[in-house]
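All remarks here apply to the structure that follows.
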Amino acid sequence: MRITVRIDDSYEQKIKVIQQRTHLNTTDVIKQAIDLMYEKAELSAKEKNQKLIEMLAGTAKGPEDLSTTYKECLDQGWEEKHGIK
């Protein structure tokens, strides 16, 4: 597959720095970046599914006072997931 991409100067500079440090060509840099993001996305989905299974099975671990601190737990989850502070 051939892909044409337009990137701004800051990303071009980042690619050049990566190439200098790794001695990889542009194609290999982009392939490795895609592999890293793919692994991260796949792992996250597996982790989310595992948590859901634990919750449904009643084996999920959480604070004993969850019934009174659930709002704080939800806020923390949103912060971690979306970077909201």
Within a strict 4.5 Å, meaning less than it, do heavy atoms of the Gln76 and Leu74 side chains meet? no
Between OG on residue Ser10 and CD on residue Gln13, distance to nearest 0.5 Å: 9.0 Å
Asp8 side chain vs Tyr11 backbone, donor-acceptor pair below 3.5 Å: yes
Approximate separation, where rounding is to 0.5 Å, of Thr27 OG1 and Gln32 CD: 11.5 Å
Take Asp28 and Thr22 through the test side-chain contact (heavy atoms from CB on, under 4.5 Å) and record every step on the way to the result. CA-CA 10 Å; Asp28 289 334; Thr22 63; over 6 Å; no
Starting at NZ of Lys31, measure out to CG of Asn25 and round the result to the nearest 0.5 Å. 8.0 Å
Is Ile3 reachable from Ile15 through a run of hydrophobic residues whose side-chain heavy atoms are each under 4.5 Å from the next? yes
Among Ile, Leu, Val, Met, Phe, Trp and Tyr joined by side-chain contacts under 4.5 Å, find the other residues sharing a cluster with Val29 and list them by chain and number. Ile18, Leu24
Return the CD to NZ distance between Gln20 and Lys16, rounded to the nearest 0.5 Å. 9.0 Å
